[in-house]
Amino acid sequence: MTAARATATAPQLALVDCNNFYVSCERVFRPDLRETPVVVLSNNDGCVVSRSNEAKALGIRMGQPWFEVRAQAEAQGVLALSSNYALYADMSNRVMQILAREVPRHEVYSIDECFLDMTGLRDLRALSQRLRAQVLQWTGIPVCVGIGPTKTLAKLANHVAKKHPRSSGVFNYNALSPEQQHQLLARIPLEDVWGIGRRLSVQLAERGLHTAADLRGTDTAMLRRAFGVVMEKTQRELNGLACLDLQEVTPPRQQIIASRSFGRPVQDLDVLQDAMSTFVANAGAKLRAQGSQARLIQVFLRTNGFRPDRPQRSASQAIFLPQPSEDSLLINRWACALLARLYAPGYDYQKAGVILGEITPRTQRQQDWLEPSTPPRAQRLMEAVDALNGRFGRGCVKVSGQGALSGWQMRQERKSPAYTTDWDDLPCA
DNA sequence: TCTCCGATTAGAC
DNA sequence: CTAACGGTCTAATCGGAGA
């Protein structure tokens with residue numbers, strides 16, 4: 001096999017990552033904010049989860065609690081927006097559709113990232129630039145592209161593309177000579193490598209490993225012994241050996257959680273049950289959307305752990321249904337009953353939620369001649385509820401009580417309109 | 001000793 | 001005015017219980 005042929009068939013994996021995704025989504029509809037430092041906050045306006053370049057330059061850190069930085073940030077002209085997930089999810093779908101058209105295989109990895117299999121395609125730099133231009137023109141979202149032989153190296157290449165303006169948004173690790181590859185890896189700190197977080201990078205540093213090149217060159221058996229199989233895979237991936245496959249179809253969730261911190265402390269059981277009904281409605285919709293049923297219902301509630309001066313309580317209870325179910329009404333009755341058992345008066349509750357587990361495909365329903373499974377009536381009812389909520393927006397059809405009581409809903413003081421998913425929010429009047 | 005299971009840890013985004 | 005710190009999800013590993 002000639003060298004040229006080997007190059008042509010070597011794996012070429014691209015990672016497309018949207019720049020400052022949530023902030024970019026907001027700016028599409030607020031072009032006046034292009035020069036303004038902008039941050040988007042997590043649910044409850046709690047933490048900073050997306051920052052414009054200007055906000056990054058002001059030293060606002062990812063994940064920082066907003067109340068800590070708010071005073072200084074606002075004095076510096078930073079605009080904070082509540083997160084608008086309906087908008088981000090819709091924009092994400094548009095971006096992913098554009099990317100998917102251009103390659104034979106792809107994996108939507110997260111709301112703002114997509115792996116593309118470019119193996120065998122030619123002129124990857126031009127292709128990547130074309131993709132960037134198309135996504136920008138059709139959605140207004142800027143993206144960067146990193147290319148490498150493995151997912152880990154594609155991630156790393158994307159990191160380089162984002163960080164270095166000279167790459168003009170595309171970086172191809174595969175186009176480097178082995179010496180250049182080594183020089184690059186020697187400049188990448190380990191905490192910037194996918195799969196290595198804060199803790200592991202400290203432990204690796206204790207063994208004298210600081211850069212991606214250090215990790216790549218160290219003894220594999222030692223790594224395996226000291227850090228386990230995940231780290232070994234990361235090392236192999238850095239060496240260009242693919243250990244992580246492209247997941248074209250997302251496997252169904254094994255566990256579905258719906259929970260929320262409350263906007264203020266909640267003391268009353270009926271308010272908690274009202275919140276729980278909302279959580280069950282969301283969890284049930286997710287469950288049915290992936291064609292599953294659940295046998296385990298787990299409910300939890302807790303007080304605010306950041307207030308050690310207040311009485312603390314954290315409790316959870318679970319029940320195994322005799323038959324798996326996807327019926328929100330049935331699940332809701334159990335969830336509210338469990339919650340009532342968990343509840344103790346006299347606490348300031350800060351968060352509650354439901355976890356559905358023991359999830360199986362609906363098609364695998366066991367025939368049981370004693371216990372009837374979900375009756376056809378309930379099934380059709382749920383289908384109708386999901387259809388209406390899908391068509392007219394979540395919350396169009398509700399389980400009785402769900403959201404009627406106030407006091408638990410999250411704080412969202414600065415939420416932008418749902419520009420792309422709600423006619424009423426269109427700023428055309 | 002082996003296996004199973006729940007809890008814990010670490011990470012991603 | 002004050003107080004205020006996200007939500008989901010997975011995989012691996014660990015330690016105890018039971019076979």
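Quick note on labels: first sequence line is chain A, next is B, and so on, each numbered from 1. Given the structure is predicted, the values throughout are model-derived calculations rather than measurements.
Comparing atom distances between the A/Phe67 side chain and each of B/dG11, C/dA12, C/dC5 picks out C/dC5 as nearest. Proximity note for A/Phe306 (side chain, C-beta onward) versus C/dA12, C/dC5, B/dA12: the nearest is C/dC5.
Contact annotation for A/Tyr109: backbone-only contact, meaning every heavy-atom pair under 4.0 Å involves sugar-phosphate atoms and none involves a base. Using a 4.0 Å heavy-atom criterion, one finds that A/Asp112 contacts the sugar-phosphate atoms exclusively. In this structure, A/Arg260 reaches the sugar-phosphate backbone alone: every heavy-atom distance under 4.0 Å involves primed, P, OP1 or OP2 atoms, never a base. Using a 4.0 Å heavy-atom distance criterion, A/Leu41 is classed as making no nucleic acid contact.
Using a 4.0 Å cut-off between a side-chain N of Lys or Arg and a carboxylate O of Asp or Glu, A/Glu54 and A/Arg27 qualify as a salt bridge.
For C/dC5, neither phosphate oxygen OP1 nor OP2 lies less than 4.0 angstrom from any side-chain nitrogen or oxygen of A/Ser42. Residue A/Arg307 places none of its side-chain N or O atoms closer than 4.0 Å to OP1 or OP2 of C/dC5. Between C/dT10 and A/Arg253, a contact under 4.0 Å exists linking OP1 or OP2 to a side-chain N or O. Checking the phosphate oxygens (OP1, OP2) of C/dG6, a side-chain nitrogen or oxygen of A/Gln350 falls inside 4.0 Å. Checking the phosphate oxygens (OP1, OP2) of C/dC5, a side-chain nitrogen or oxygen of A/Asn304 falls inside 4.0 Å. In this model, the phosphate group of C/dT8 is approached by a side-chain N or O of A/Ser259 to a distance below 4.0 Å at OP1 or OP2. In this model, the phosphate group of C/dA11 is not approached by any side-chain N or O of A/Lys233 to a distance below 4.0 Å at OP1 or OP2.
The environment of CD in A/Gln72 is sparse: at most 12 heavy-atom neighbours from other residues, nucleotides or ligands sit within 6.0 Å.
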Requested in this report: Apply the test ring-ring contact (aromatic ring centres under 6.0 Å, His included) to residues A/Trp408 and A/Phe279: give CA-CA distance (whole Å), side-chain angles for both, the deciding distance (0.1 Å), then the verdict.
Outcome: CA-CA 12 Å; A/Trp408 62 269; A/Phe279 302 150; 5.8 Å; yes
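In this structure, A/Lys351 forms no cation-pi arrangement with A/Phe262, as its terminal cationic atom is not both closer than 6.0 Å to the ring centre and no more than 45° off the ring axis.
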